[in-house]
Structures are given as C-alpha cells and as structure tokens.
Amino acid sequence: KACSMVISDRHFAAQIRGGPRNAVAKFDDVGCALKWLDEQPWADDPATKLWVAHQGDGHWMDGKTAHYVAGKTSPMGFNFGAVEPDAGGLDLSAQREAVRAFLRRKP
C-alpha cells in the first residue's frame, strides 16, 4: 500500500507510476517512496516512472536522474531532499541503499 499521508511539505513529495496497472502512488517523503518502491517486484522496470520535488523550490524532477542530499528535516524523518544532479549528493542507486541502511537501524 502506498503512503496515505497528506503531502505536508511539497519540497519532499514524490510520485511513482508503474506496475501492471501503471498506477500512480503519491508520497509525502522521498524516503517513503523509495522504501515502497523497493517492495515492488517491478521496481527496476525501465517503464517505472519516479518524480521527486526539488528540496529548494519544489519543482518536479525526474527521480531517476536527481541526486539526493542529507541534512534536511523531511515529513517522515528520512531527512534528505532531491537536488539537480550537478549539485552533488547521492545518485538514485546510492540513495536507495541509504534508505535501506536507515531502515535497518530503526527499532
């Protein structure tokens, strides 16, 4: 099931479209989106779309090419935001691993 939280801060929002029904799931924290995506058997299907909001001005970006930086306070506590690829940070693959590591540390 996708996150059912209201998007409280558009600077950390994410959307995923994919799966057999090509349905859209919306999230209030990029970390929640990546956690949920990891649980989908079609997560790495090239047809899967991921959009993330830029942490600065909230404009939508391709989440597969965006980079991710820590140090922000996000709605669900993953505490990273999306930035343009040339702004540094982790690429999507590294960020997905960072989310997995974060979840392993949670009690």
Side-chain angles (χ1 to χ4, degrees):
K1 179 178 170 181
C3 179
S4 60
M5 297 285 296
V6 172
I7 295 175
S8 60
D9 185 342
R10 69 182 180 99
H11 298 95
F12 299 97
Q15 294 184 42
I16 297 171
R17 177 183 291 275
R21 290 183 282 170
N22 203 32
V24 173
K26 298 177 183 181
F27 302 86
D28 69 331
D29 193 309
V30 177
C32 291
L34 296 181
K35 174 187 179 294
W36 183 81
L37 185 62
D38 254 5
E39 298 166 355
Q40 308 312 309
W42 42 265
D44 295 318
D45 182 331
T48 299
K49 303 294 183 197
L50 169 63
W51 297 279
V52 295
H54 187 280
Q55 71 173 10
D57 64 11
H59 74 271
W60 288 107
M61 303 170 32
D62 181 339
K64 291 182 177 182
T65 59
H67 279 204
Y68 301 89
V69 295
K72 297 294 179 180
T73 301
S74 67
M76 297 304 294
F78 284 90
N79 298 336
F80 62 87
V83 295
E84 300 294 342
D86 61 359
L90 302 175
D91 67 10
L92 179 60
S93 177
Q95 186 59 49
R96 285 175 73 182
E97 185 51 44
V99 168
R100 292 179 198 121
F102 173 83
L103 292 168
R104 285 192 297 268
R105 290 190 304 269
K106 284 187 90 169

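Please read these numbers as outputs of a predicted model, since none were measured by experiment.
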Rounded to the nearest 0.5 Å, what separation is found between the NE2 atom of H67 and the CG atom of L92?
9.0 Å
Describe, in one word, how the ring planes of F102 and F78 are oriented to each other, choosing from parallel (under 30°), tilted (30 to 60°) and perpendicular (over 60°).
tilted
Could you tell me which non-hydrogen atom of V83 sits nearest to which non-hydrogen atom of M61, and how far apart they are?
O-CE, 3.0 Å
N/O donor-acceptor pair under 3.5 Å between R17 side chain and N22 backbone:
yes
Side-chain (H59) to main-chain (H54) donor-acceptor, under 3.5 angstrom
no
Measuring from atom NE2 of H11 to atom CD of Q55, what distance do you get when rounded to the nearest 0.5 angstrom?
9.0 Å
Of all heavy-atom pairs linking A66 and A82, the shortest is CB-CB, 4.4 Å
Below 4.5 Å, heavy atoms only, C-beta onward: do L50 and T48 meet side chain to side chain?
no
Rounded to the nearest 0.5 Å, how far does CZ of F12 lie from NZ of K72?
6.5 Å
Taking every non-hydrogen atom, the tightest pair across R10 and D57:
NH1-O, 3.0 Å
Once salt bridge (charged side-chain N to carboxylate O under 4.0 Å, His left out) is applied, what residue pairs with a partner in residues 86-97 remain, sequence neighbours excluded?
D38-R96, D44-R96, E97-R100, E97-R104
Look at the rings of F80 and Y68 and say which category their plane angle falls in: under 30° parallel, 30 to 60° tilted, over 60° perpendicular.
perpendicular
State yes or no: do W42 and L34 share one hydrophobic cluster built from I, L, V, M, F, W and Y residues joined by side-chain heavy-atom distances below 4.5 Å, directly or via other members?
yes
For P85 and T65, which heavy atoms make the closest approach, and how far apart are they?
CG-O, 2.9 Å
Could you see if L103 belongs to whatever hydrophobic cluster contains L37? Use Ile, Leu, Val, Met, Phe, Trp, Tyr and a side-chain cutoff under 4.5 Å.
yes
For the pair N79 (side chain) and S74 (backbone), establish whether a donor and an acceptor sit closer than 3.5 Å, ignoring hydrogens and angles.
yes
Please report the shortest heavy-atom distance between K64 and D62, naming the atom on each side.
N-OD1, 2.8 Å
Heavy-atom check, side chain of F27 versus side chain of M76, under 4.5 Å
no
Please tell me if the side chains of V99 and V30 come closer than 4.5 Å, counting only heavy atoms from C-beta onward.
no
